[in-house]
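A quick write-up on the structure given underneath.
When reading the values below, keep in mind they use all heavy atoms of this one structure, side chains included, and skip hydrogens, waters and symmetry mates. Numbered from 1 within each chain, the chains take letters A, B, ... in sequence-line order.
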2 protein chains.
Amino acid sequence: MARRAGYDRDEVLARAQALFWRKGYHTTSLKDLEAALNMRPGSIYAAFGSKEALFAETLHIYARRSREQLRQARVAKASPLAGLAAYVRALGCIQADAVPSRACMLVKTLLETPDDDTVLRRLTEEIMEGMEAEFATAFRAAQTAGELPDGTDPERLACRLQAEIFGLRAYAQRSDAQDKVARLAEDIARDIERLADR
Amino acid sequence: MARRAGYDRDEVLARAQALFWRKGYHTTSLKDLEAALNMRPGSIYAAFGSKEALFAETLHIYARRSREQLRQARVAKASPLAGLAAYVRALGCIQADAVPSRACMLVKTLLETPDDDTVLRRLTEEIMEGMEAEFATAFRAAQTAGELPDGTDPERLACRLQAEIFGLRAYAQRSDAQDKVARLAEDIARDIERLADR
DNA sequence: CGAACACTTGATCGATCACTCAAGAAAGGA
DNA sequence: TCCTTTCTTGAGTGATCGATCAAGTGTTCG
């Protein structure tokens, strides 16, 4: 009984995510969303509650996909370090026209969110913490596999790697330096691999 | 003849810069500026022309100070690599309450500015290019001083260093990871120093 | 068919945005 | 003293912000 929604929720969320990722939270207006989603304000609010809640959902999508990409890179490679290096290289190879923004959506959100505790700021930091924990798990696996010298700290390497990725992807936002990004990713990946022979 | 301005222009610019650096361009409203500068809209527009022009001036101040800090770190150390390492360590030691934001104002602006050519986007990228060129000069000096092995590319190292600093300072914006920042800067600084013995 | 229900529409809300400008206030020169 | 010049003030501009809601439309079931 009753009417079905005239849109596919996942497809709408994907479109919203692309828009938010490209433009950022504050710079995206409801007019922009109405156009991109082909929905009127009433429908948007009925479906998602608020602009902020919609953005939060798109952040979760981003987080899920990021973890998925890391997982894929890891299973494709025999060793943990090789998996992490492959993940970084993949980030460097992303073409600008294949993605809403070469920058990381999490960093964009972190930097445009006020320090005092908002929902979005906290959510962003939680997701970052989760990704860093994934990196740490990979480095621990590397250690177990004998790839890392004793005395190296997996958590410390995870923190470093996350910062390197933040930097890589912020750099990739520069429109005047697109050609350097893949080379940069290669340098980072090599440093990860070199951790083995120290 | 005539009335003098009731404010000190440099002091006002410093206050505007602190506000913009902390909150970002779009999130800072004219009401915020009026309060921070203790000026009414008419005076602000008479003095600076527009919100965008005022922001551009504060970006230039940021750029000048960044170059100055790099220069100071370089002259304080005997070797070019030691100077760069000192610069990175100094970035890691900045206390959160001593600065409007631990994040880099340039990266914040880059990530909140639309891809299509705006004045602010172009200005930001120009300043970044200038800083990267400073890094390259330092690495070239290191090479001349025999600190770097033959075959290393100063421009490539400069690109890498800028990305690492972007990452360090984006990471430093995380309120849940303040204690890791100095350690992270130390790791980056050590890697710079280690370039000597390769 | 027609009642019940779910979803869509779009005009509209008050708030806030960046910005303007006429009028007032302060200082120097005659 | 009074005129000229410059700066300051703050109410007000139209536009746009995120969000609401009564009315309309489509679908299913009795």
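- Side chain of Leu30(A), nearest nucleotide from dT8(D), dC19(C), dA19(D): dA19(D).
- Using a 4.0 Å heavy-atom criterion, one finds that Tyr7(B) contacts the sugar-phosphate atoms exclusively.
- We find that CG of Leu33(A) is positioned 10 Å from P of dA19(D), with the value rounded to whole Å.
- Atom CE in Met39(B) sits about 14 Å away from atom C1' in dC19(C), given to the nearest Å.
- Separating the CD1 atom of Ile44(A) from the P atom of dT20(D) is a distance of 13 Å, rounded to the nearest angstrom.
- For the pair Arg174(B) and Tyr171(B), the distance from NZ or CZ to the six-membered ring centre is under 6.0 Å and the angle to the ring normal is within 45 degrees.
- Following rounding to the nearest Å, Glu34(B) (CD) and dT9(D) (C1') show an atom-to-atom distance of 11 Å.
- Of the listed nucleotides (dA19(D), dG10(C), dC19(C)), dG10(C) has the atom at the smallest distance from the side chain of Arg40(A).
- Within a 6.0 Å sphere centred on CZ of Arg122(A), other residues, nucleotides and ligands contribute 12 heavy atoms or fewer.
- Using a 4.0 Å cut-off, some side-chain N or O of Ser29(A) falls inside it from OP1 or OP2 of dC17(D).
- The one candidate from Tyr25(A), Phe48(A), Tyr62(A) that meets the ring-ring contact (aromatic ring centres under 6.0 Å, His included) condition with Phe55(A) is Tyr25(A).
- Heavy-atom nearest nucleotides on DNA chain D were determined for Ser43(A) and for Lys31(A), and the one closer to the 5' end corresponds to Lys31(A).
- If you measure from atom CG of Leu54(B) to atom C1' of dA18(C), you get 13 Å, rounded to the nearest angstrom.
- Here Thr28(A) lies in heavy-atom contact (under 4.0 Å) with sugar-phosphate atoms only.
- dA19(D) atom P lies 8 Å from atom CD of Glu52(A), rounded to whole Å.
- If you measure from atom NE2 of His26(B) to atom C1' of dC17(D), you get 13 Å, rounded to the nearest angstrom.
- Cation-pi contact between Lys51(A) and Phe20(A): absent, since separation from the ring centre below 6.0 Å together with deviation from the ring axis within 45° is not met.
- One finds a side-chain N or O of Tyr45(B) lying less than 4.0 angstrom from the OP1 or OP2 phosphate oxygen of dC19(C).
- Distance from the side chain of Ala5(B) is smallest for dT8(D) among the nucleotides dT9(D), dT8(D), dC17(D).
- The salt bridge (charged side-chain N to carboxylate O under 4.0 Å, His left out) test with Lys180(A) is passed by exactly one of Glu129(B), Glu132(B), Glu155(B): Glu132(B).
- Between the CZ atom of Arg9(A) and the P atom of dA6(C) there is a distance of 17 Å, given to the nearest Å.
- The shortest distance between the side-chain N/O atoms of Arg3(B) and the OP1/OP2 oxygens of dT6(D) is not below 4.0 Å.
- Along DNA chain C, the nucleotide nearest to Pro41(B) and the one nearest to Arg4(B) differ in position, and the one closer to the 5' end is contacted by Pro41(B).
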